Each structure stands twice: as C-alpha cells, then as structure tokens.
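These notes concern the structure reproduced below.
Residue numbers start at 1 and run along the sequence shown. Remember, predicted model here, so these are calculated numbers, not experimental data.
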Amino acid sequence: MAIVNKIREKSGVAVVVIAIALILFIVGGDFVAGSKGGGLFGNSNAVGEINGTTIDFQQFANLVEGQRMQYEASVGRSANEQEQAQIREQVWEKLIFEHVYSEAFEDLGITVSDEELREMVQGPKNIHPFVKQQFSDQNGNFDATTHANFIAAYANNSMPAEQRIMWDNFKRELRDVRKREKYANLLNSSSYITKAEAKAEYYNTTNKASGKYLYVPFYSVADSIVKVSDGEIKSYFNKHKDDFNAYDSRSLVYVTFSLLPTKEDSVALMNDLRELAKGLAAAPDPVAYANENSDIKTPGVREAGDLSPELKSTLASTIEGGLVGPFKEGTAYSIHKFLGTEVDEHYTARASHILFRADSTMTQEQRDEAKKKALEILAQAKSGMDFAFLARQFGSDGTAQQGGDLGSFKNDGTMVKAFEDAIFSFSGTGVLPNLVTTDFGYHIVKVTEPKSNLKYKLATITKELHVGDEGSNLVFQKASELMNSAKSIKDLEEAAKKDNSIVLFNAENVQPGATVVNTLRNARELVQWAYGKDAKVGKVADRVFVLEDNYVVAALKSAADKNDPKAEDFKDLIAARIRNEKKAELITKKLGDGKGSFEEIAKKYGAGALIEEVSEITLQTGMLNSAGFDPVAVGKLFGLKPNTRSKVFTGDSGVFIMENTAKVVAPEIADYSAYKAQIQQRSFGLGGMIGEEILRANAKIEDNRARMF
C-alpha cells in the first residue's frame with residue numbers, strides 16, 4: 001500500500017503536519033453517505049451502492065471536494081486531473097471500508113482502544129511505523145525530539161486549528177489502519193502449512209530433470225491460415241462461461257486532429273521571451289521574477305544531472321549574471337540567468353549498462369557462461385560498436401529497451417556499492433575497461449555523463465508554445481465537419497478511405513476509471529461519454545472532444561457489461577484460444593506419429609520446428625528456452641522416466657515431443673521445516689489481502705462513477 005507522499009524539509013513541526021496531510025487515505029469528515037435500501041438503479045442521482053447503502057452523488061461530491069481542498073492546502077497548488085481522479089478513488093475506497101470492512105471487523109470483535117491508539121501515536125514503546133515515517137530525518141532515522149515537540153504543541157493547544165484538524169484526521173485513520181492490520185494478522189496466523197505441502201515444496205525445488213525436445217510454437221503458423229467464425233466464438237463462450245471474469249469495458253474508434261503551432265505562434269512566443277529576458281536581466285530578485293513569469297516552475301539550484309548537455313556546455317563559458325537561451329525542450333522554450341555554482345557533498349553521474357545475469361540461483365557453469373559472453377560483448381563495446389544497440393540485443397533487465405540507460409544518480413548508496421564504486425572512480429566518459437561484478441551478475445558499463453559535484457544556480461523562465469486562436473479554430477472546424485458528416489463507424493471508415501489525413505485509431509477495453517486512452521491524456525470526458533446513456537454502439541458522438549492539444553471525433557465500437565457478459569466481450573481472447581486449438585491440430589497432423597530422431601522429424605516437418613535441450617530444471621523454476629514457462633510441457637518432462645520419449649502433445653504455447661534424458665530425484669529427509677518456512681515466507685501477508693477481497697466479493701458493490709466523473 002502506498003501510504004505517504006512524503007515532504008521532508010527542515011522547517012519545523014508545521015511541515016511535518018503538512019506531510020501527514022498527504023497520507024492517501026485521509027479524507028476527513030463524516031463518511032456516512034446515503035441510506036440503506038434504494039439501490040443503484042432506483043436512484044438516478046446515485047454514484048453507486050455499497051453493501052445496501054446508496055451513495056448519493058451530492059454527498060460523494062462533497063466528500064471529494066473536501067479532500068481536494070485539503071490536498072491542495074497541503075501541497076500549495078491546484079490538483080491536476082490525475083490527482084483529482086486519485087482523490088475520487090480514495091474517497092470511494094474509504095466508503096467501502098466504512099460500509100464493508102468496518103462491519104466485518106465489528107462482528108469479529110476487532111477494536112482499537114484509546115490507550116492503544118495513544119501508544120501508537122505517542123509511544124514510547126510501540127509508536128506506529130506510519131508515525132515514525134512522518135518524524136524522520138533525511139537519512140530515514142526517527143527524530144524523537146521533533147516528535148516530542150509536536151505532541152507537546154498539540155497537547156498545549158499551541159498549534160493552528162487547521163493543523164490540529166489534520167492531526168485528528170490522521171489519528172482517526174490510523175485507528176482504521178490498525179484494525180486492518182489486526183484482521184490481516186488474524187488470518188495470517190490462522191493459516192497452517194501441512195507436512196504434505198512442505199514435502200511437495202521440497203520435491204518441486206530439488207527434483208531435477210534434463211531433456212531434449214522438439215517444439216513447434218503456435219506463432220510459427222500464420223493466423224491467416226486459420227479462420228475463426230463468430231459462431232465458433234459464441235459456442236466456445238457458452239461452453240466455458242466460468243473461464244471468463246465479466247467486467248465493464250468500452251472499445252472505441254476515434255480520429256484525432258492535433259493542434260500544431262503556426263509560424264505566427266512561434267514568432268509571438270519569441271517576442272514574449274525577448275521582453276521577459278529584459279525583465280529577468282534587470283530584476284533585483286531574478287528567481288522570484290522567473291517564478292512569477294514561468295509556465296513551469298523550476299528550482300533555483302539544480303544538479304548537473306538535471307540539465308541538458310547543451311545547457312551545461314553553454315554555462316561552462318557563461319559569466320555569472322549572464323543570460324542564455326532560449327533552449328527548446330519538447331514544446332517549451334527556456335531562458336536562464338546564470339547565478340553561479342555551489343558544491344554538492346555528493347557527485348552525480350549518468351551511465352548505461354548491459355547486464356548478463358549470474359545470480360545465486362544459477363549453477364557455476366551458467367555463471368561462467370554468462371561471464372564469457374559478457375567479456376565477448378565488452379570487447380565489441382570497447383571497439384566502438386553502438387552501446388545502445390548492444391544493450392537492446394543482450395541486456396537482461398528492464399533498461400535494455402532504453403539502450404541500457406540508467407539515468408543520473410549520485411554516489412550516495414542509491415546503487416549497489418560495487419557498481420557505484422566502479423563508476424565514480426572513473427574519470428570522463430566512455431566504456432569502463434573491465435566488467436563490473438555484482439550480486440546480479442556481470443555489467444558492461446558506459447559512463448555517458450562524467451561525474452560532477454557542481455550545482456547550478458539558475459533563474460529559469462519556461463514558456464509553452466501554444467496554438468493561437470486562428471490555428472485552433474481551423475483545426476476545430478475540420479473536426480466538426482467530420483463529426484457532422486459521419487454518424488457511424490462505417491461513415492468514419494469511408495471518410496478515411498477518401499482522405500489520407502484521416503487516420504482511425506482503436507482503443508480496446510477502456511476501463512471505467514481510465515484517465516488515458518492510448519496516447520490521449522486527460523481523457524475523462526471521452527471515457528465518461530463512452531459509459532454514458534447517450535453513447536450507442538456503432539455510432540459517432542454528437543460532439544468533438546477537446547483533449548489537451550487534440551480535437552477528437554469518437555465512436556463507440558463495443559460495450560461490455562459485467563452484469564450481462566456476452567461472447568463479444570471476450571472475442572479476441574476466445575478467437576486466440578480457438579485459433580491455437582486449430583493450429584495444434586494442423587501441427588500434430590503434420591508431425592505424424594513422432595517416430596524417428598528429432599532431427600529427422602524436424603527436417604520432415606520443415607520451417608518452424610525447433611530442437612532444444614534443458615539441463616537440470618526444477619518443477620518450480622522450469623523454463624524451456626524458446627517456449628519459456630510452459631507448465632504442461634514441464635510436467636510432461638518430469639512425468640517421463642529417464643531415456644523415454646512422449647507422444648506428440650499440445651502445451652500452452654505450442655506442440656511438443658519431449659524426451660527425458662536424465663532425472664535427479666531428491667532423497668527422503670526427516671525434517672521438512674525449512675520448506676514449510678519457505679512457503680510461509682512466500683505467502684506472508686496474503687491472508688489479509690485475500691480476506692479483504694472476500695469481503696468485497698461478498699458485499700454488493702455497484703460503481704457508477706464512470707458515468708458522472
């Protein structure tokens with residue numbers, strides 16, 4: 001659970017209270033909304049129904065407004081659309097807690113006494129971790145003095161009334177948090193791991209099998225070869241309804257008309273920046289002047305990693321007090337007044353890496369092979385090959401698709417020590433001469449921005465390049481013409497055929513609470529229409545949606561209702577399953593009886609047949625190279641006796657013939673307690689989560705917010 005958006009400053013108790021106000025579940029006020037009975041559809045002004053209680057729109061809106069005002073007072077700015085959506089979600093979850101969880105906790109006798117709450121808040125022995133988080137220094141250590149001073153200020157009634165209310169809200173919510181913890185602990189402690197489960201865990205992690213197999217993946221057969229009819233989809237759905245979890249969703253077809261700045265818009269912006277540059281140059285307090293006149297406010301002191309290479313290069317030859325710019329970043333332009341530098345206690349650098357995994361779960365042979373490959377690629381990187389290309393091809397972590405880029409970071413312990421030491425002991429930029437070894441494996445590292453402990457003092461004015469009224473009106477007129485002429489999806493398709501500038505986009509399975517539709521941000525208006533009573537399947541909306549810098553003409557392609565599921569709602573998923581079944585039949589028929597060597601069978605089959613081997617895999621972590629994790633195939637491998645072969649069979653990802661080449665059966669042991677502890681550790685905390693999900697599932701919860709917000 002994300003509990004706190006922390007603000008850590010050294011400005012005393014008041015800031016600590018503001019930080020507390022950012023706790024996500026604090027919403028304040030009385031949450032008793034609506035009344036028993038009525039039902040969602042019996043009240044057209046209802047946001048929803050929770051466990052028999054109707055949630056009235058106005059009451060819900062008032063709660064959201066109160067939370068929004070509290071949030072904005074805490075952060076000192078207006079909440080954006082995404083934050084407002086989060087606030088609505090927090091209020092809704094709090095209502096569920098009040099009407100579902102609280103009733104269940106009361107039935108179970110779960111309470112929190114005033115004495116227990118006092119100990120959680122004040123201590124000294126059992127201060128709650130959430131309280132400690134709010135009174136921690138920059139190193140994360142609990143500051144007992146600040147905490148004591150705050151408690152004393154509250155007791156003496158010497159703090160502002162608004163801060164006192166925030167603290168009272170925090171204590172009230174902390175009581176509910178403690179109830180949830182007790183409920184979770186109750187369920188977690190009631191679980192018991194049997195000897196049979198522990199024994200299965202032992203065998204699943206220690207029994208090993210090696211094998212050779214022939215694999216023909218489903219994707220090797222083109223989808224166009226296998227046809228799936230609507231009748232087959234409906235028949236499959238009717239036979240397997242229990243396999244599908246119904247949900248509310250909408251699918252859309254839409255056309256975007258992007259607002260692009262004209263030459264006149266650019267000229268107007270440059271003229272504004274020239275005038276602002278004069279004011280910035282003469283301002284007695286340039287930082288204050290910049291903040292007053294900037295569309296995007298930036299800190300007065302910025303680290304080297306926060307500046308673009310172009311700006312840093314320019315500042316290197318700029319005298320203190322000089323103006324530089326404008327610099328373009330996206331659709332914004334910035335000018336800066338250079339106010340000097342200061343030294344940071346830490347250095348900042350930027351680097352990319354290529355990770356070859358070699359962790360403790362791998363055999364020594366596998367680690368040696370990873371190192372051998374890493375050294376081979378290191379030589380290529382040092383020879384000048386494109387590092388980003390190598391990272392995308394050989395990287396094994398989440399940075400690979402970004403060319404291995406790790407961004408900027410400090411030598412403050414953010415990175416693993418061995419990794420950090422290697423980078424910050426290196427001068428300049430370029431590929432490090434040797435591999436860096438960590439617990440994760442072997443890293444090839446390239447320093448892309450040299451280490452620096454300089455901070456730059458800047459007064460920055462940033463202005464967004466906006467589209468003027470004339471350009472905006474022309475684009476809106478074009479969108480309106482399409483909206484007026486096209487009444488259906490078919491009309492949109494015909495218009496796209498005649499005009500190459502009209503491109504149709506599809507948005508599949510848009511959820512009720514979505515704020516983004518594909519690349520369209522702040523799209524609540526579009527989503528709200530799709531879930532509203534005016535939206536009809538196959539029809540174009542009767543208005544143009546204005547979503548940031550886009551005018552959008554949209555039509556509703558399909559609508560799924562969780563209370564009335566249809567085969568159409570799961571069409572793509574069902575079609576994929578049927579298609580794979582048909583592909584399995586074609587592949588199996590072509591493979592024949594599966595007799596002969598794998599090489600002979602593969603040659604006879606032709607393109608698409610793969611021959612692979614695995615060595616000493618376990619049931620728990622078995623991966624089959626190209627097939628990945630295929631439990632059917634892994635299970636078949638372990639079910640075979642050594643030196644025996646299976647018949648042709650269908651797995652999750654394709655068709656196989658499996659041969660067991662060796663099996664290592666773990667010996668019987670007397671004590672399975674270590675494996676029982678292993679299961680307990682893996683499932684720790686799940687009891688509370690599962691228990692809460694059961695409470696929600698058994699409560700009648702109807703959520704109609706998507707039609708109203």
For this session: Just do the side-chain hydrogen bond (donor to acceptor under 3.5 Å, both in side chains) check on Asn580 and Arg577 with the steps written out, would you?
Result: CA-CA 5 Å; Asn580 284 345; Arg577 290 186 182 182; over 6 Å; no

For this session: Verify side-chain contact (heavy atoms from CB on, under 4.5 Å) between Arg705 and Phe57, making sure each step is shown before the conclusion.
Result: CA-CA 9 Å; Arg705 289 176 295 154; Phe57 174 85; over 6 Å; no

Problem set entry | salt bridge (charged side-chain N to carboxylate O under 4.0 Å, His left out) evaluation trace for Arg696 with Glu93 | CA-CA 11 Å; Arg696 293 175 78 109; Glu93 285 300 316; 2.8 Å; yes

For this session: Carefully, step by step, assess Gln477 and Asn473 under the rule side-chain hydrogen bond (donor to acceptor under 3.5 Å, both in side chains).
Result: CA-CA 6 Å; Gln477 182 179 347; Asn473 290 338; over 6 Å; no

For this session: For Val324 and Phe338, run side-chain contact (heavy atoms from CB on, under 4.5 Å): C-alpha distance rounded to whole Å, both residues' side-chain angles, the deciding distance at 0.1 Å, then the answer.
Result: CA-CA 8 Å; Val324 295; Phe338 181 45; 5.8 Å; no

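Using a 4.5 Å heavy-atom cutoff, the side chains of Leu339 and Pro286 are in contact. With a 4.5 Å cut-off on side-chain heavy atoms, Leu311 and His336 count as touching. In this structure the side chain of Val527 reaches within 4.5 angstrom of the side chain of Arg524, judged on heavy atoms. Within the 4.5 Å cutoff, side-chain heavy atoms of Ile578 are placed close to those of Ile574. Between Met270 and Tyr333, the closest side-chain pair of non-hydrogen atoms falls below 4.5 Å. Inter-residue side-chain proximity for Leu252 and Asn506 is flagged as unmet; no heavy-atom pair is nearer than 4.5 Å. Between Phe545 and Asn550, every side-chain heavy-atom pair lies at or beyond the 4.5 Å cut-off. When side chains are defined from C-beta on, Thr298 does not count as touching Leu458, because their heavy atoms never get closer than 4.5 Å.
Taking CG of Leu280 as the start and CD1 of Ile335 as the end, the distance is 5.5 Å to the nearest 0.5 Å. Between Glu525 atom CD and Leu520 atom CG the span is 12.0 Å, to the nearest 0.5 Å. Residue Asp306 holds its CG atom at 8.0 Å from OG1 of Thr348, rounded to the nearest 0.5 Å. A distance of 5.0 Å separates OG of Ser472 from CG of Leu259, quoted to the nearest 0.5 Å. Annotation: the span from Leu526 atom CG to Leu547 atom CG amounts to 6.0 Å, rounded to 0.5 Å. Lys328 NZ to Ser308 OG: the interatomic distance, rounded to the nearest 0.5 Å, is 12.5 Å.
Around CZ of Arg543, the count of heavy atoms belonging to other residues, nucleotides or ligands within 6.0 Å exceeds 12. Within 6.0 Å of NZ in Lys562 there are more than 12 heavy atoms belonging to other residues, nucleotides or ligands. Under a cut-off of 6.0 angstrom, the local environment of NZ in Lys557 is crowded, with over 12 non-hydrogen atoms contributed by other residues, nucleotides or ligands. For CZ of Phe244, the number of neighbouring non-hydrogen atoms (other residues, nucleotides, ligands) closer than 6.0 Å is greater than 12. No more than 12 heavy-atom neighbours from other residues, nucleotides or ligands sit within 6.0 angstrom of CE on Met689.
The backbone N or O of Asp491 sits less than 3.5 Å from a side-chain atom of Ser488, completing a donor-acceptor pair. A donor-acceptor pair under 3.5 Å is formed between the side chain of Glu83 and the backbone N or O of Asn80. The main-chain N or O of Val226 is never found under 3.5 Å from a side-chain atom of Lys582 such that the two would form a donor-acceptor pair. Listed for the Ser294 side chain is a donor-acceptor partner under 3.5 Å among the backbone atoms of Ile296. Using modelled atom types, no side-chain atom of Asn51 and backbone atom of Val100 make a donor-acceptor pair closer than 3.5 Å. When atom types are taken as modelled, the side chain of Arg302 and the backbone of Lys455 share no donor-acceptor pair closer than 3.5 angstrom. With Ser352 contributing its side chain and Lys446 its backbone, the two residues share no donor-acceptor pair below 3.5 Å. A distance-only check finds no donor-acceptor pair linking the side chain of Lys700 to the backbone of Ala697 [under 3.5 Å]. Proximity of a side-chain donor or acceptor of Ser251 to a complementary backbone N or O of Asn509 within less than 3.5 Å is detected. Between the side chain of Thr318 and the main chain of Thr314, a donor-acceptor pair closer than 3.5 Å is present.
A parallel orientation is assigned to the rings of Phe505 and Tyr254, their planes being inclined by less than 30° (bins at 30° and 60°). Using bins of under 30°, 30° to 60° and over 60° for the plane-to-plane angle, the ring pair Phe97/Tyr101 lands in the perpendicular bin.
A cation-pi arrangement is found for Arg250 relative to Tyr531, the charged atom lying closer than 6.0 Å to the ring centre and inside a 45° cone about the ring normal.
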Quiz: residues 565-573 side-chain donor-acceptor pairs under 3.5 angstrom, not counting sequence neighbours:
from: Lys566; atom 1: NZ; to: Asp564; atom 2: OD2; distance (Å): 2.7
from: Asp569; atom 1: OD2; to: Lys566; atom 2: N; distance (Å): 3.0

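Among all heavy-atom pairs drawn from Ala523 and Val517, the shortest one is CB-CG2, 3.9 Å. Ala290 approaches Thr460 most closely through the heavy-atom pair CB-O, 3.3 Å. Residues Glu232 and Lys227 share a closest heavy-atom pair of OE1-O, 3.9 Å.
Ion pair Lys278/Glu275 flagged as a salt bridge, since at least one NZ, NE, NH1 or NH2 atom sits closer than 4.0 Å to an Asp/Glu carboxylate oxygen. Between Glu481 and Lys478 there is no salt bridge, since no side-chain N of the basic residue sits under 4.0 Å from a carboxylate O of the acidic one.
Ring pair His240/Tyr236: centre-to-centre distance below 6.0 Å.
Checked against ring pair (Phe, Tyr, Trp, His ring centres under 6.0 Å), Phe476 has the following partners two or more places apart in sequence or in another chain: Tyr551.
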